[in-house]
Amino acid sequence: MATKKKRMPNMQNDSWVVIAADSAIDTQKHDSEPAFVRLRNPVTDAASLYMLSDGDVQLFEVKAFEEDFHSWFVGQTVQRDGRLLFVTPMDPLYLMLPYLVKVGKEGKFQPLDQVVMDEDFPACPRLLSCTRALSSLHHIAEEKEVGGVKFHRYSQEKTMNWLKKKVERTVTVLKARNISVGEGVKSTTYIRVKSESDYHPEDFLRYAHGILSEYLSEDLSKALLKHLQLPELTSPKEPEPPSKKRKLSELPVEAEEDYTKFNSADFARKPPKKMTAAQKSLAKVDKTGMKSMSSFFSPKVKAEKK
Amino acid sequence: MSCNSSVTRVNVSSVGQAQRVPVHLLPCEIEHNGPAQVSQYLTATTKDCKQEKMVSFRGRGLKGQELSCPQGYTGFVLKETNKAGSDQEDRTVKVSSVFDKLTYWNLETPPNSDDTVVMAMDWPELAEAIHGPVED
């Protein structure tokens with residue numbers, strides 16, 4: 001039986017290629033010290049990596065863009081880890097929402113510092129030091145001031161109106177960038193199209209809703225769908241994510257020397273479906289606590305919670 | 001306390017010593033981290049024709065293209081300086097290199113606007129729509 005060449009796990013990775021907003025890593029301000037922190041991801045309820053700039057003025061999202069079988073040359077060195085990380089400004093309200101929603105069920109006005117806290121995530125209260133957190137809180141909560149102390153209560157109505165504006169902004173960019181949103185391509189491929197007139201306006205709304213749902217709990221995502229007056233799709237039971245291992249490719253050859261694997265039993269079990277490069281990139285499962293870059297290419301009915 | 005308490009600080013002052021280097025994204029996984037003679041074996045034999053670059057790498061034809069970082073964004077290579085002993089300790093990374101454009105290579109296929117890394121450069125603009133402040 002043919003032996004398969006084993007790929008060694010990349011244990012000693014100590015280097016990352018990052019494209020970051022200048023507001024996150026400000027090369028002019030040498031005394032600033034931005035930091036990667038772990039916070040609760042509103043969708044997965046588990047840890048994800050974010051960045052807080054110095055003094056917690058701003059929150060950033062960290063997304064890994066990753067394709068199978070890629071590595072970097074950086075100057076005169078090889079870096080095996082072929083991921084590209086993006087650090088982009090993030091609205092802190094998305095991360096605060098779950099806490100407000102949870103406490104809001106009691107229907108009481110509460111001081112924020114008693115709401116936005118999480119014993120599993122010590123960095124959580126730092127969200128409140130983000131400039132935008134307090135100044136935009138009125139989009140998701142009602143406020144009451146008693147004796148100089150502010151109290152807040154989650155408002156679903158306000159939140160839905162706020163999210164609808166987010167959807168509208170997103171639709172504008174999708175149209176401007178000619179990103180294909182039609183039925184059939186929406187979940188797995190990500191391609192540009194010539195004209196937007198081929199699409200029903202609902203396609204854009206639904207796509208934008210899918211993108212925003214990457215930041216919302218399942219309940220909020222469903223409520224938003226209703227608020228946008230989009231009917232729930234009955235079909236998508238998510239297709240099985242394709243195997244994380246080698247996939248069939250439309251390319252004539254792949255850059256690995258070992259052709260014997262095409263005869264191996266392992267190969268025979270692979271799904272026979274051909275995939276485009278975009279699909280391949282989407283199929284990759286992120287294992288690091290960072291969200292996959294490709295997740296924004298795949299707006300669809302929420303992934304089922306495990 | 002869980003490992004969620006550890007933070008990874010970026011030592012921005014190290015930018016002063018960081019070098020501007022050419023950065024290439026290759027369509028293959030190289031099971032190695034460390035020095036390589038990139039300019040001798042890749043850069044020196046790269047041919048430019050129109051927007052496209054071509055090179056033969058280990059007998060395979062690669063076709064590539066240069067991409068600029070989106071406006072308002074800079075490329076960094078972050079490197080961990082002193083590896084933490086456990087996942088509960090805070091960590092520090094320094095900026096070891098800086099770049100404002102990268103070259104990505106496809107295997108055989110000519111570069112085009114549907115390549116995922118090209119699409120990825122649209123992410124900051126889409127992120128701004130999702131995360132930018134909304135009006136009252």
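For B/W105 and A/F69, the ring centers sit 6.0 Å or farther from each other.
The contact between A/V87 and chain B is made entirely by backbone atoms, counting heavy-atom distances below 4.5 Å. Looking at B/V117, the atoms closer than 4.5 Å to chain A (heavy atoms on both sides) sit in the backbone and in the side chain alike. Within the 4.5 angstrom heavy-atom criterion, atoms from both the backbone and the side chain of A/T27 approach chain B. If you measure heavy-atom distances from B/S97 to chain A, the contacts under 4.5 Å come from the side chain alone. Heavy atoms of B/E125 lying under 4.5 Å from chain A belong to its backbone as well as its side chain. Contacts of A/N161 with chain B are absent, with no heavy-atom separation under 4.5 Å from either backbone or side chain. Both the backbone and the side chain of B/V12 come within contact range of chain A, with heavy atoms under 4.5 Å apart. Heavy atoms of A/A123 lying under 4.5 Å from chain B are absent altogether. If you measure heavy-atom distances from B/E128 to chain A, the contacts under 4.5 Å come from both the backbone and the side chain. With a 4.5 angstrom heavy-atom cutoff, A/L212 touches chain B only via side-chain atoms.
Residues B/Q65 and B/D115 have side chains not in contact (no heavy-atom distance under 4.5 Å, counting atoms from C-beta outward).
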Determine, stepwise, if the pair B/E135 / A/K165 fulfils salt bridge (Lys or Arg N to Asp or Glu O under 4.0 Å). CA-CA 8 Å; B/E135 282 151 38; A/K165 287 178 190 163; over 6 Å; no
Can you check salt bridge (Lys or Arg N to Asp or Glu O under 4.0 Å) on B/E108 and B/R60, steps first, answer last? CA-CA 8 Å; B/E108 312 286 351; B/R60 308 288 167 74; over 6 Å; no
Check the pair B/S13, B/K94 against side chain to side chain contact (heavy atoms under 4.5 Å, CB included), reporting the backbone distance first and the verdict last. CA-CA 8 Å; B/S13 63; B/K94 65 164 191 169; over 6 Å; no
Can you check ring pair (Phe, Tyr, Trp, His ring centres under 6.0 Å) on A/H70 and B/Y104, steps first, answer last? CA-CA 10 Å; A/H70 277 74; B/Y104 80 94; 9.0 Å; no
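Comparing B/T81, B/L78, B/V93 by heavy-atom pairs within less than 4.5 Å of chain A, the highest count is held by B/L78. When the candidates A/S136, A/G75, A/S135 are compared by the number of heavy-atom contacts under 4.5 Å with chain B, A/G75 comes out ahead. Heavy-atom pairs under 4.5 Å with chain B peak, among A/S15, A/A24, A/A20, A/A35, at A/A20. Most heavy-atom pairs under 4.5 Å with chain A, from the set B/P22, B/G16, B/G34: that is B/G34. Contact tally against chain A (heavy-atom pairs below 4.5 Å) for B/C69, B/G59, B/P133, B/P70: the top residue is B/P133. Looking only at heavy-atom pairs under 4.5 Å with chain B, the residue among A/L52, A/I25, A/V17 that has the most is A/I25. For the set B/A36, B/A18, B/S14, the count of heavy-atom pairs under 4.5 angstrom toward chain A peaks at B/A36. Among the candidates B/A127, B/G72, B/G75, the residue making the largest number of heavy-atom pairs closer than 4.5 Å to chain A is B/G72. Interface summary for chain A: among B/Q71, B/Q19, B/R9, B/R20, the most heavy-atom pairs under 4.5 angstrom belong to B/R9.
For the residue pair A/E61 / A/Y94, no side-chain donor-acceptor distance below 3.5 Å is found, with atom types taken as modelled.
Qualifying salt bridge (Lys or Arg N to Asp or Glu O under 4.0 Å) partners for A/R126, counting only residues two or more places apart in sequence or in other chains: A/D56.
The number of heavy atoms from other shown groups lying within 6.0 Å of NZ (A/K164) does not exceed 12.
The OG atom of A/S155 sits 12.0 Å away from atom NE2 of A/H139, with the distance rounded to the nearest 0.5 Å.
Heavy-atom minimum distance, A/L95 versus A/R40: CD2-O, 3.8 Å.
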